[in-house]
Structures are given as structure tokens and as C-alpha cells.
*Asks:* 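My questions all concern the structure below.
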Amino acid sequence: MKRVGKPVFFIVLVLIIALTYTAFFGVYTYNGDIRSTVIKGAEDIRWGIDIRGGVDVTFSPPEGYDATDDEMAAAESVIQVRLVSQNITDSEVYTDYNKDRIIVRFPWRADETNFDPQEAIAELGETALLTFREGVETDESGKPTGVTAENIILSGSDVKHAEPMVLTETNEYVVSLELEDSGKEKFAEATTRLAGNGVISIWMDDTLISYPEVNEAIADGQAMISGGFTAETAKDLADRINSGALPFQLETVNYNTINPTLGLGAKDAMVLAGFIAFALVSLFLIIVYRLPGVVAMIALAGQMACSIAAVTGYFSFIPSFTLTLPGIAGIILSIGVGVDANVITSERIKEEIRTGKSLDGCIDLGFSRAFSAIFDGNITVIFVAVILMGAFGPPSSL
């Protein structure tokens, strides 16, 4: 193993200290009483309903409009898209098809001070705008740019209906798309021009939801979107397309605020438990492994900082994720999991030292022989994380 020079170690140490400080405390600039966020800290985390409470709102079509089940499912889909696009993952959406009601529960914003439910409802906005655009050019934040931003082929009003279906010949799930007369000519021109080497992307507001390739010119306004769909994903895409073509605007029927079920006191207790866990694990590492334990403690601090930065979004232009009490418990649990690799490696090195080998040889063998166990452990964690995302995460989280 090639030794790393001391300057490299101290450079990494400074970077970890800088990351830890900025991740927890943030970086802000002030112009008088106006504060601008450069790097978001822990205070910018959007806490879940169980910690800080939130809003309970009921949406419905305009009075006198009898929405179909497909239209209600599409409206639910657009609300889900809005919530996920804003990284509001601790939310609940229920649809009452008999009474044409959609009930939504979601937490307050991280910077909320007025706790005005009407302002919070406005965060979800109105019915989303559906657009079909040429190409799939995006900027660093995932919004359309270049040709894709400039060339809108169809809007939601040009779409008559979309539905999932199965091709009997191949048992393949596809999404069948039917256009209004207003969209047939525009779609025919675009597909003729892009056939064989182009893409028409589908957007909900500024969120990309699909980007099928154009295989042939389509002049009759009847198209099929294919691409490895399952029954669930085909229905999901159809609902999203229909939501942008809704013939009605969602209206707020009633709303009220939700008190936190456990509250900020429980959050403070969990945070304190996290600091105690970090201190105890660090103390154990230093007592048992001495200098390698100090190095492991520094790495563990960097891991914790990365976890907080991932939740906050770190940079001001990246939305924060929602953190709940189970999420805090998961971060605390990761302290023990994160130090596992250091313990395994240190123990393997100690075993090699007992055999009388040179220090360089012991370090080399210790790292190489510990790798398989560390690799297996981390792969297992990844598998479990993917399963949990698919089973309990927001729509399309995988």
C-alpha cells in the first residue's frame, strides 16, 4: 500500500471540518435585514408533520362538475408530482371517488413563520401545465433548456385522453394517446420531422415525466408510448398526462392546521441522542484504537455532515428533503453502521501485527482482507435501501 503524505491528510481534514461546519450551521449573507442563503444548514431542514405539524386541505372540482374516476386519479397524480418535485416526501394524499374529494396532508415549510394555511396551500399551486417538447435538453437543475425550452409542440389542451393498455401481440404495456383536433396537425409535423432520430419529451410544469423516441410520423392523432412499462408505470404516466389535460381547476373546499403528533420536544431529544451516540462511539474508537480511532472519528464526522447536507440540499438552489422522527433515528443508526468498516479494518490490521509482520505489510494485508466483509455489508445496506424506497417511498422514487 502506498503511504499518503501528511499534507494530503491535513488537506482532507480541513475539507471535512469545513463541510461539517457549513452542513450544520450554513453560510448566509446579510444586506440590512435581508438574509440570503449561500449554503443551507440544519435550521433549513423541512421537518415532517410528526415534528412540526402542517396543513390538511381538501380539493374538489368546481361546483356542479361531475368528475370521472379517471379525472380524479389524474388530479391526484398532479398533486403527487407537485409534492415530490418540491421534495415534500412526508405527505399523505387520499382520493374519495364517490364525493369527488382529494384530501392532502403535508408539513410546513422550513422557513414558515406565519403558519398561514392559505399560503401553504398556494405552495402546491394550481393544476399543473402539461407540455410536449422537442428533445430532452435540461439544465443542471433538471429544467428544460435550449431547443426543449423554446420548442413546445403540444400543451395539455391539445390532449384528449391517455390510457394504459396491453398489446395483445406482444403482451407489452403501452400508453395510448389520443389528441384533440387542435393538436393533430402540430403533432404530425413534429413527428414527421423527428421520426427515426428524435425525441419528444413530456413535462409536468418543469418536471420531466417521460421522453419517448419518435419512431414514425403520426398524422391521425393516435399515438402509443412504449418503453418497458409495467401495468403500474403505464397507468402512472397516463394519469399524469390526463392531469395536465383536466377540463377543470381544482378548488379548495376546506382546510385546517395539523398539530404535531410528537412535537419539537421529541425532535430535540432525538438530536441530543444523536450527539451522545456520536460522542460515545468516538470515545470507544479512540480508547480501543488510539490514533486510527481518531482518524475514524474524523471520517465519521464527515459522514454525518454528508447526511445532513443530503437532507438540506446544501446549496441554496436545491430543495430540502423532509426529515421525520424515523429519519432522525435512521441517521443515528448510520453512526454505528458507518464506523463498522473502520472497526473491521483495524481488527484485521491488529491480527496481522500479532503474526510479527512489518507495519506496512500489516496495513496492506489488513485493508485487502477486510475489503470483502466491508463490501458485503454495504451491498446489503444498498439492497435494503432500494427495497424500502420502492415499498414506502414517494411515487417513482426508484
*Asks:* Show me the donor-acceptor pairs within less than 3.5 Å that the side chains of residues 278-299 make with the rest of the protein, sequence neighbours left out.
*Replies:*
{"unit_1": "S282", "atom_1": "OG", "unit_2": "F278", "atom_2": "O", "d": "2.8"}
{"unit_1": "Y289", "atom_1": "OH", "unit_2": "E347", "atom_2": "OE2", "d": "2.6"}

*Asks:* Output the rest of the hydrophobic cluster of W203: all Ile, Leu, Val, Met, Phe, Trp and Tyr residues reachable through side-chain heavy-atom contacts under 4.5 Å, sorted by chain and number.
*Replies:* V136, V199, L208, Y211
*Asks:* Relative to the ring of F187, is the ring of F132 parallel (under 30°), tilted (30 to 60°) or perpendicular (over 60°)?
*Replies:* perpendicular
*Asks:* Apart from Y30 itself, what residues make up its hydrophobic cluster when side-chain heavy atoms of I, L, V, M, F, W and Y under 4.5 Å apart count as a link, directly or indirectly?
*Replies:* Y28
*Asks:* For S141 and D139: C-alpha separation, side-chain torsions, deciding distance, then whether side-chain hydrogen bond (donor to acceptor under 3.5 Å, both in side chains) applies.
*Replies:* CA-CA 5 Å; S141 61; D139 59 18; 2.9 Å; yes
*Asks:* Checking F371 now: which residues fulfil ring-ring contact (aromatic ring centres under 6.0 Å, His included) with it, not counting sequence neighbours?
*Replies:* F375
*Asks:* Does E351 pair with R369 as a salt bridge, N-O distance under 4.0 Å?
*Replies:* no
*Asks:* Do K160 and E180 sit within salt-bridge range, that is, some charged N less than 4.0 Å from a carboxylate O?
*Replies:* no
*Asks:* Report yes if some heavy atom in the side chain of Y65 is under 4.5 Å from a heavy atom in the side chain of D100; otherwise report no.
*Replies:* no
*Asks:* Kindly indicate whether the side chain of W47, heavy atoms from C-beta on, has any atom under 4.5 Å from the side chain of I328.
*Replies:* yes
*Asks:* Working to the nearest 0.5 Å, report the span between CZ of F106 and CG of D56.
*Replies:* 9.5 Å
*Asks:* Quick one: are S201 and T148 in side-chain contact, heavy atoms under 4.5 Å?
*Replies:* yes
*Asks:* I'd like to know whether W108 forms a side-chain contact (heavy atoms from CB on, under 4.5 Å) with V55, so could you lay out the CA-CA distance, the side-chain angles of the two residues, the decisive distance to 0.1 Å, and finally the verdict.
*Replies:* CA-CA 7 Å; W108 298 108; V55 179; 3.7 Å; yes
*Asks:* Under a 3.5 Å cutoff, is there a donor and acceptor pairing between the side chains of E76 and T95?
*Replies:* yes
*Asks:* Check whether any side-chain heavy atom of I200 lies under 4.5 Å from a side-chain heavy atom of T191, and answer yes or no.
*Replies:* yes
*Asks:* Using 4.0 Å as the upper bound for N to carboxylate O, is an ion pair formed by K186 and D158?
*Replies:* yes
*Asks:* Return the set of residues passing side-chain contact (heavy atoms from CB on, under 4.5 Å) with T168 (not counting sequence neighbours), or none when no residue passes.
*Replies:* none
*Asks:* Got P61 and M72 here, is their nearest side-chain heavy-atom distance under 4.5 Å?
*Replies:* yes
*Asks:* Under a 4.5 Å side-chain heavy-atom rule over Ile, Leu, Val, Met, Phe, Trp and Tyr, are L177 and V174 clustered together?
*Replies:* no
*Asks:* Which side-chain N or O atoms in residues 378-390 pair as donor and acceptor under 3.5 Å with protein atoms at least two apart or in another chain?
*Replies:*
{"unit_1": "N378", "atom_1": "ND2", "unit_2": "I374", "atom_2": "O", "d": "2.8"}
{"unit_1": "T380", "atom_1": "OG1", "unit_2": "D376", "atom_2": "O", "d": "2.8"}

*Asks:* Is it the case that the side chains of T355 and K357 hold a donor-acceptor pair, with the cut-off being a distance below 3.5 Å and no angle test?
*Replies:* yes
*Asks:* Between R105 and Y94, is any pair of side-chain heavy atoms under 4.5 Å apart?
*Replies:* yes
